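What follows is a single structure, written as structure tokens, with notes after it.
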Amino acid sequence: MSGKHEKKKVLPELEGAENDVVMRFAPNPSGPLHIGHARAAALNDAYVKQYGGRYILRIEDTDPKRVDPEAYQTVQEDIRWLGLGITEVVTQSDRLPIYYDLCKQLIENGGAYVCTCDNEVFKELKADKTACPCRGNPVEKNLELWQKMLDHTFKEGEASVRIKTDLSHPDPAMRDFPAFRILDAPPHPKVKAHVYPLMNFSVVADDHLLGVTHVIRGKDHIANTRRQKYIYDHFGWQQPVYRHYGRMGIEGVVLSTSQMRAGIKEGLYSGWDDIRLGTMRALARRGILPEAVKNAMIAIGIGDVDISFSWDNLYAENKKLVDPTANRYFFVPDPVEAKIEGAEPHTAHALLHPSDEARGKRTLEFTGTVLIPKAELVPGTAMLRLKDLFNVKIAWNGDTPSFSYGGDSLAEARAAKARIIQWLPAQATMPCTLLTQEGEVKGACEPAVKGEAGKVIQFERVGFVKVDAVSPDGVVAYWTHK
RNA sequence: GCUGCUAUAGUGUAGUCCGGCCAAUCAUGUCGGCCUUUCACGCCGACGACUGGGGUUCGAAUCCCCAUAGCAGCACCA
């Protein structure tokens, strides 16, 4: 159908990925997925599809402060919408015993120790490249302290497990970073616990245990990759291959989960799918297809340079998908009635899709009066053509137009350079509100639009819209793009 | 500040590893034209970039150095 022979964008080869790969998407269940997540989700997905293998969804919920119980559900829904090829789901809070066991092993082989220093004191020692007193404790002592962490002898902040790294490492962030901590509150919504692994530990444990071969993630994790190397080395495990992509600046929508949540609570936003937000559900509501999101993310690729996300490029991807399928209808924004003198009743037949006649036609009965967009009535305009109907002559008495039948000839309309405009029979219309990120446009559309609920259609000469809600007293549609 | 990474048109991207085939790819965007009973789609064309300065070399977008800019990390978050 499309005449474009555009090459499918191919991602660069992944090092060591000849055979099947195992990759993962690892969101934090703190809210619905947004465009930022979509990049990691789509990139990993594309590679698994390219090489074959497994794609693990791993819910990283080891910080009870950052868990929204509802998000377990919403994240899965968003992933289903995106159409990711997830092959298995793992939730970290289910795996605490596994982490505890590995921690014990790590203490036994000398790779970690329990530190009971005051946090501020440790910070100073670290800045000074000096070992804290706990670092020299024998294994037995560490195991004993570890047991005390688990059995509630220690309270929050009184003890933590640290990975032995290089205290003289030039980057202080590398020096004996923490692996487990105690949290007395808040309670975890899914599991009873008070000793939690920190991300760097649980990620290493899971990536290794699940057999993850390649990791694509943002460059904010570069330091974590270096930290995690120490754990891999302590265990004698092999680290996966990493690719860290750059920061993606996204303008025009709200992405911060806390900001979104607060806005919804205050009534500023209607919900997680408010079209001013950058969530997957907001995009869905606006008529953006999941394939378009994935394609746009793959086009961006895995470069480590910081980029700015382009809505234009996303819309272009979406239009490629939506244009061949969207039925066409008339929507008249800001309508005015025009009684057309001298015109016999007509029945207009308009194609549902201009390049697919098989799809059929809609019929519009002209009986004398039509609705046309006010914006078309520029004083001085002598002729307009009502699309699929006939020409209309306009006589101006000052700023007041009067309309009369101007013949059926399209050629005449062309010769007169008359604009071909959308219209509606005044006796058969449906109120329609078009919502855009800037505000709402009131108008009227063809009654047949009510059969398109939930679909993306095109309002001719206006743009693509998603039919959001249909009720006896009207249609609400969301603006998608031109 | 410290540690590290990066720099191609308005935007995204290919080329950079292994210097010549790059007077730099593709997409998007903008503008113009054609087509068209939509200001859509399609087609044609135009516009538009190797951050700056040195160096190496017969030859540099590609290698080296310096400058500048941006970013990441420097949490008992992920």
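Atom set for the values below is all heavy atoms of this structure, side chains included, hydrogens, waters and symmetry mates excluded. Chain identifiers are assigned alphabetically (A, B, ...) following the order of the sequence lines, protein sequences preceding nucleic acid strands; residue numbering begins at 1 within each chain. Just so you know, these numbers come straight off a predicted model, no measurement behind them.
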Go through RNA chain B and write down every stem, that is, every run of at least three consecutive Watson-Crick or G-U wobble pairs with distances under 3.5 Å, as range with range.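 Stems for RNA chain B, defined as runs of 3 or more consecutive pairs: B:1-7 with B:68-74, B:10-12 with B:26-28, B:29-34 with B:42-47, B:51-55 with B:63-67.
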
With a distance cut-off below 6.0 Å to the six-membered ring centre and an angular limit of 45° from the axis, does A/K393 pair with A/F403 as a cation-pi contact?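 No, A/K393 and A/F403 do not form such a contact.
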
Of the nucleotides [options], which one has an atom closest to the side chain of [X]?
{"X": "A/K320", "options": "B/U13, B/A40, B/A27", "value": "B/A27"}
{"X": "A/N119", "options": "B/C74, B/G70, B/C76", "value": "B/C76"}
{"X": "A/D323", "options": "B/U37, B/U28, B/C41", "value": "B/C41"}
{"X": "A/K219", "options": "B/U38, B/A72, B/A78", "value": "B/A72"}
{"X": "A/D220", "options": "B/G73, B/G12, B/U28", "value": "B/G73"}
{"X": "A/L410", "options": "B/U38, B/U3, B/U37", "value": "B/U37"}
{"X": "A/N28", "options": "B/C74, B/A78, B/U37", "value": "B/A78"}
{"X": "A/R414", "options": "B/A78, B/U37, B/U3", "value": "B/U37"}

Do the side chains of A/R261 and A/D68 get close enough for a salt bridge, i.e. N-O under 4.0 angstrom?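 Salt bridge between A/R261 and A/D68, a charged N being under 4.0 Å from a carboxylate O: yes.
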
Salt bridge check, A/R217 against A/E60: does any charged N sit closer than 4.0 Å to a carboxylate O?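 No, this pair does not count.
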
Between [N] and [M], how many Å separate the two [atom1] atoms, rounded to a whole number?
{"N": "B/G4", "M": "B/C66", "atom1": "P", "result": "13 Å"}
{"N": "B/C64", "M": "B/U56", "atom1": "P", "result": "15 Å"}
{"N": "B/G15", "M": "B/A27", "atom1": "C1'", "result": "16 Å"}
{"N": "B/C26", "M": "B/G70", "atom1": "P", "result": "32 Å"}
{"N": "B/C5", "M": "B/C41", "atom1": "P", "result": "44 Å"}
{"N": "B/C34", "M": "B/A72", "atom1": "C1'", "result": "50 Å"}
{"N": "B/U16", "M": "B/C21", "atom1": "C1'", "result": "16 Å"}
{"N": "B/U62", "M": "B/A78", "atom1": "C1'", "result": "37 Å"}

Over all strands shown, is [X] touching base, sugar-phosphate only, or nothing at heavy-atom distances under 4.0 angstrom?
{"X": "A/P354", "value": "base"}
{"X": "A/H244", "value": "nothing"}
{"X": "A/N224", "value": "base"}
{"X": "A/F464", "value": "sugar-phosphate"}
{"X": "A/G246", "value": "nothing"}

I'd like to know if A/Q458 reaches the base of B/U38 with its side chain, counting only an N/O donor and acceptor under 3.5 Å. yes

Donor/acceptor link under 3.5 angstrom from A/E376 side chain onto base of B/C39: yes

A/R95 and A/D206: salt bridge (charged side-chain N to carboxylate O under 4.0 Å, His left out), yes or no, with the steps? CA-CA 9 Å; A/R95 298 164 65 81; A/D206 286 336; 2.7 Å; yes

Taking the ring of [Y] and the ring of [X], is the distance between their centroids below 6.0 Å?
{"X": "A/H221", "Y": "A/H244", "answer": "no"}
{"X": "A/W146", "Y": "A/F180", "answer": "yes"}
{"X": "A/F459", "Y": "A/Y329", "answer": "no"}

Measure [atom1]/[X] against [atom2]/[N] and give the value in whole Å, please.
{"X": "A/K129", "N": "B/U3", "atom1": "NZ", "atom2": "C1'", "result": "11 Å"}
{"X": "A/I420", "N": "B/U37", "atom1": "CD1", "atom2": "P", "result": "8 Å"}
{"X": "A/H169", "N": "B/G73", "atom1": "NE2", "atom2": "C1'", "result": "12 Å"}
{"X": "A/M248", "N": "B/U11", "atom1": "CE", "atom2": "P", "result": "16 Å"}
{"X": "A/L314", "N": "B/G12", "atom1": "CG", "atom2": "P", "result": "14 Å"}
{"X": "A/E460", "N": "B/C41", "atom1": "CD", "atom2": "P", "result": "13 Å"}
{"X": "A/N318", "N": "B/A40", "atom1": "CG", "atom2": "P", "result": "17 Å"}
{"X": "A/R227", "N": "B/A72", "atom1": "CZ", "atom2": "C1'", "result": "12 Å"}

For RNA chain B, whose closest nucleotide is more 5', that of A/R39 or that of A/L198? A/R39

Both A/R226 and A/G303 contact RNA chain B. Which one's nearest nucleotide lies toward the 5' end? A/R226

Short side-chain N/O contact from [X] to OP1 or OP2 of [N], under 4.0 Å:
{"X": "A/K482", "N": "B/C39", "value": "no"}
{"X": "A/S30", "N": "B/A78", "value": "no"}
{"X": "A/R247", "N": "B/G70", "value": "no"}

I want to check something: taking the side chain as every heavy atom from C-beta on, are [X] and [Y] in contact at a cut-off of under 4.5 Å?
{"X": "A/D408", "Y": "A/N391", "answer": "no"}
{"X": "A/I457", "Y": "A/F464", "answer": "no"}
{"X": "A/H188", "Y": "A/S93", "answer": "yes"}

A/N318 and side chain to side chain donor-acceptor pair (under 3.5 Å): which partner among A/H481, A/E291, A/R286? A/H481

Give me the one residue out of A/K164, A/K126, A/R135 that meets side chain to side chain donor-acceptor pair (under 3.5 Å) with A/D176.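 Of the listed options, the one satisfying the test is A/R135.
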
Backbone N/O of A/R328 and side chain of A/R362: donor-acceptor pair under 3.5 Å: yes

Strand contacts (RNA chain B) in residues 304-313 of chain A, 4.0 angstrom heavy-atom criterion: A/D304, A/V305, A/D306, A/I307, A/S308, A/S310, A/D312, A/N313

